[in-house]
Each structure stands twice: as C-alpha cells, then as structure tokens.
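A short write-up of the structure that comes next.
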Amino acid sequence: MSVAPSTPASTPDLAAPLPAPGPRDTRQEVIDWLLQEGRHAASIQELLDRFCRRLGAAGVPLWRVVCGLPLLHPQIRSIVFFWRRHTQGVEVSTRPHGTETSSEYLSSPFATLLDDGADALRYRLEQMEAPWPYPVLGELRQQGATDYAAMTILFADGRRNVMSFTTDRPGGFSIEDLALVNGVMPALGAVLETMALRRLAVTVLDTYVGRRTGTRILSGDIRRGTGANVRAVLWYCDLRGFTSLADRLPREELIGLLNGYFEIMGGAVERQGGEILKFIGDAMLAIFPLEDSDRDGASACTKALDAAEDAVKGMIERNAERAAWGQPTLRCGIALHLGEVMYGNIGSADRLDFTVIGPAVNLVSRIEGLCNRLDRTVLTSAAFAAACGARLTPVGWHPVKGLPNPVEVHGLKEQE
C-alpha cells in the first residue's frame with residue numbers, strides 16, 4: 001500500500017499505513033451485510049447511512065464520514081456524501097467542473113489521494129499543532145476531532161474514489177477500529193460501484209434522451225419497433241436566421257449562442273413538466289404527455305402555453321443583453337399542437353432512437369414554419385386552441401407544405 005510522503009518529525013506517524021484487516025468475525029458480519037442487504041439500499045445515501053451506523057454498533061467511534069465519487073456528468077464533476085453521528089440521514093453535495101483546479105480542492109487530503117497516488121492517509125489530530133498540512137484538519141480539530149483517516153476505493157475500471165473517517169474519541173481510532181474499516185472497504189467498494197454505475201446510467205439517459213424515456217429504457221423497453229400510441233402536446237421550436245449566423249460566427253461563439261437559446265427553450269419546457277425528445281440542428285422537439293385525469297388535454301395545453309410564454313420572455317431578456325453588447329438579436333418560432341403520436345423505438349439494428357412519429361409531428365413542424373411568414377413567435381393548432389383557447393386568438397387558415405388543405409392556426413392574443 002502506498003502512502004503520502006512523510007510529514008515533519010514534529011508530527012510523527014501522521015501518514016502511517018492502515019493496519020491489515022482485523023478480527024474476522026466482526027469484519028465478516030459487516031461484509032455479509034453489505035453483500036446481502038446493503039446492496040439493496042434504495043440509494044447511495046441510504047447505503048452509507050446504514051453502513052456507518054453498523055460500524056458504530058460494532059464499536060468504531062465514528063463522528064464524521066465523507067465519501068467522494070467522481071461523476072460522468074455534463075455539469076457535475078463529483079458528488080460528495082457527508083455523514084455525521086448526530087444527524088439524521090446523509091447530506092449530499094455536488095461539485096461543478098473546474099473544482100479540480102480550485103485552491104480548496106488542491107489543498108485537501110482528497111487531492112492527495114485522487115491525484116497524487118496515495119492509497120491512505122492518517123493524522124492523529126490531538127497530537128498535532130498548526131501549521132496544518134491541510135486546512136480541513138485544523139477545522140476538524142477546532143470542532144473536537146481527535147483522529148482522521150482517509151483511503152481510496154478503487155473501482156474495477158481503475159477509477160479512484162475516496163472516503164474519510166473522523167472520530168472525536170480521546171485517543172482516536174484504535175488499531176482494531178482501523179483494521180475493521182480497512183477490511184470491509186473492498187466489499188463496500190463493490191456495492192458502491194454497482195450503485196454508482198446505475199446512477200451513471202440514469203444520468204446519461206436523462207441527459208441524452210430525457211427522464212421519462214430513460215426510465216422506459218432502464219425498465220427494459222428497448223426492442224426495436226416497440227412503442228405505444230399516446231396523446232400529447234407537441235412542442236416544436238426553431239431559430240430564425242441560423243444559417244447566416246452559422247456562416248459568419250466563430251465556432252465557439254456559435255455553440256455558445258445555441259446553448260443559450262436551448263437553455264431558454266428547454267428550461268421553459270422542463271419547468272412545466274415537459275420532456276425534450278431531441279435537438280435537430282437549431283430546432284427542438286418536446287412533448288407534454290396527457291395524464292389519465294387530463295382527458296381533454298386542458299392541463300397539458302396550459303402547461304405548454306405557460307412554457308411558451310416563459311420562453312418568449314427569456315428570449316426578450318437574452319436579446320436585450322445581446323443588443324447591449326452589440327451582438328445580433330435572435331428570433332425564433334414556437335409551435336404547439338395536441339394530437340396522438342406513436343412513442344417508441346425506431347432505427348437500424350444497431351442504432352435506435354426513442355422518439356415520437358406520426359402525422360401530428362409533421363403538422364406541428366409545418367405550423368412552426370408559418371411563424372416567420374405570419375410574423376408570430378407562437379402559433380398553435382386548432383386542436384390545441386380548443387383545449388386551451390382563452391389566451392389565444394384565431395390567425396386564419398393557411399396552406400402548409402405537404403398537406404393538401406389549409407390549416408387553422410391560433411396565436412397569443414397579445415402580439416409578442
């Protein structure tokens with residue numbers, strides 16, 4: 001086992017290797033519990049809470065335990081779990097990307113374990129005085145901690161995770177305490193890895209296909225051609241003049257523009273309970289499925305229209321910021337339609353897409369195409385207006401590409 005570099009002679013034995021696994025009976029009881037019961041915990045928080053309290057019942061004088069797990073997530077670098085003896089449950093905190101370069105992280109024991117290759121650290125806090133090798137140790141000592149030990153947890157792919165244990169018992173941890181903790185860590189790591197992988201799967205699916213769709217995929221609904229007919233409000237939005245912007249803007253600026261635009265549109269949809277299905281260039285397709293109690297679709301249509309108005313306000317605010325910086329302002333079209341679609345798996349044998357198809361999808365995209373022609377930001381179908389018409393006004397019948405007859409569309413009563 002590798003350990004951190006030696007510390008000054010004035011603070012002896014602060015980074016000593018943890019002892020070999022200790023008393024087999026107690027250790028095996030904890031391992032058996034982890035592999036038979038602990039792995040069925042509903043969450044990592046529940047697992048860690050029950051694990052810490054089980055160690056406490058076995059005589060390990062835990063006061064504070066921290067577990068850090070790096071994540072594969074577009075916004076989050078890692079997730080940290082805090083357990084405290086006199087607190088119910090486990091506190092959860094996330095760290096954004098960029099944390100790994102912050103002074104707070106770089107001056108922490110976790111950085112030594114995760115980045116510098118150390119397997120374990122131990123500091124007998126009651127024997128130490130300032131200056132502290134890590135600021136957190138001084139903070140813990142002021143709060144009454146007497147001993148601190150931290151170690152890595154290796155996953156099968158070599159990914160390093162870290163866990164720290166602190167006690168406030170005079171004299172600190174005994175050799176038997178640390179031997180027990182050290183002996184059960186491989187089993188805890190195996191259970192944590194399984195739960196972390198499931199969390200990763202959920203995160204990836206939520207990020208790339210949406211929460212509802214991700215849930216269906218994880219439940220086993222993955223066979224090509226499977227699906228169901230559902231009634232839903234369809235949302236389709238598109239950015240005006242994107243082609244000319246793409247031709248003249250630098251790549252980084254163009255990506256930032258698109259991200260800001262989709263943040264407004266997607267944020268408005270998700271705040272009202274809708275689900276984004278896909279981004280298509282500068283367009284976005286989303287749905288608001290009807291609940292069983294919403295037979296006429298009035299509730300879903302109201303939510304979708306609220307989201308559209310929220311998105312319009314967001315675009316106005318964003319354009320004011322862009323104009324103040326001398327940047328070109330943005331225009332978009334939002335179309336809403338209430339109809340029936342097939343929601344399921346389509347694609348090739350090796351590449352599937354969980355999406356919606358049907359005439360309703362074609363119609364909502366055609367209605368969005370009228371937004372530019374009619375100088376409207378929001379247009380809806382007559383079916384949508386019938387369910388949620390108090391805030392809408394007829395805008396007439398208009399021909400659309402691909403359909404033999406004109407379609408009736410409605411817009412917001414107050415022109416955007």
Side-chain angles (χ1 to χ4, degrees), residues 1 18-71 78-95 109-110 113-114 119-123 136 140 143 145-157 159-169 172-202:
M1 175 183 295
L18 295 176
R24 176 172 175 78
D25 290 344
T26 304
R27 184 177 82 249
Q28 194 60 47
E29 287 176 5
V30 177
I31 292 173
D32 289 345
W33 174 83
L34 281 167
L35 299 180
Q36 295 173 16
E37 297 181 39
R39 68 189 183 93
H40 296 297
S43 64
I44 294 177
Q45 297 97 297
E46 180 183 323
L47 170 68
L48 291 175
D49 185 46
R50 295 172 64 187
F51 171 73
C52 291
R53 298 194 184 282
R54 198 166 190 89
L55 286 181
V60 181
L62 296 177
W63 174 63
R64 174 183 181 269
V65 175
V66 181
C67 178
L69 303 176
L71 289 183
S78 62
I79 185 167
V80 184
F81 302 89
F82 295 87
W83 179 91
R84 296 174 178 85
R85 186 175 61 223
H86 298 301
T87 302
Q88 287 293 324
V90 173
E91 178 188 341
V92 182
S93 177
T94 58
R95 302 289 189 265
F110 281 16
L113 292 165
L114 292 173
D119 290 334
L121 294 169
R122 185 189 180 188
Y123 291 93
V136 68
L140 291 172
Q143 296 168 25
T146 59
D147 204 349
Y148 175 95
M151 60 196 73
T152 55
I153 307 173
L154 289 180
F155 283 177
D157 61 358
R159 186 153 49 104
R160 299 171 71 87
N161 309 275
V162 66
M163 201 161 183
S164 70
F165 303 86
T166 310
T167 184
D168 59 352
R169 184 177 67 184
F173 291 117
S174 68
I175 292 178
E176 291 75 19
D177 295 332
L178 294 179
L180 175 58
V181 172
N182 190 36
V184 301
M185 290 306 287
L188 176 64
V191 176
L192 270 178
E193 181 167 15
T194 300
M195 300 181 78
L197 285 174
R198 180 170 180 83
R199 188 184 183 108
L200 170 62
V202 171

With a 4.5 Å limit on heavy-atom distance, are the side chains of M151 and V181 in contact?
yes

Spacing of CG belonging to L69 relative to CZ belonging to R95, to within rounding of 0.5 Å:
12.0 Å

Close side-chain approach of L154 and R159, heavy atoms under 4.5 Å:
no

Partners passing side-chain hydrogen bond (donor to acceptor under 3.5 Å, both in side chains) against Q143 (at least two apart in sequence or in another chain):
none

To the nearest 0.5 angstrom, please state how far the CZ atom of R27 sits from the CG atom of D32.
10.5 Å

I need the R54 CZ to L34 CG distance, nearest 0.5 Å.
8.5 Å

When V60 is tested against each of T26, V30, L178, L180 for side chain to side chain contact (heavy atoms under 4.5 Å, CB included), which residue passes?
L180

Please step through side chain to side chain contact (heavy atoms under 4.5 Å, CB included) for the pair M185 and L192, ending with a clear verdict.
CA-CA 10 Å; M185 290 306 287; L192 270 178; over 6 Å; no

How long is the straight-line distance from NE2 of H40 back to CE of M195, given to the nearest 0.5 Å?
10.5 Å

Supply the atom-to-atom distance L140 CG to D168 CG, rounded to the nearest 0.5 angstrom.
11.0 Å

Mark yes or no for whether T194, through its side chain, and A190, through its backbone, hold a donor-acceptor pair below 3.5 Å.
yes

Donor-acceptor pair, distance only, cut-off 3.5 Å: does the side chain of R50 make one with the backbone of G38?
no

Any Y148 side-chain heavy atom under 4.5 Å of P109 side chain
yes

Any R85 side-chain heavy atom under 4.5 Å of L62 side chain:
no

Between T146, D177, D147, which is the residue that forms a side chain to side chain donor-acceptor pair (under 3.5 Å) with R169?
D177

Tell me whether E91 is salt-bridged to R84, with the criterion being a basic N under 4.0 Å from an acidic carboxylate O.
yes

Any donor-acceptor N/O pair, T167 side chain to F173 backbone, under 3.5 Å
no

Point-to-point distance, once rounded to the nearest 0.5 Å, from SG of C67 to CZ of F110
7.5 Å

Is any side-chain heavy atom of F81 less than 4.5 Å from a side-chain heavy atom of L48?
yes

Side-chain contact test, heavy atoms from C-beta onward, threshold under 4.5 Å: evaluate it for V184 versus F51 and give yes or no.
yes

Walk me through it: do L47 and V90 pass the test side chain to side chain contact (heavy atoms under 4.5 Å, CB included)?
CA-CA 10 Å; L47 170 68; V90 173; over 6 Å; no

Test item: Q45 and V92 side chains (from C-beta on) under 4.5 Å apart, heavy atoms
yes

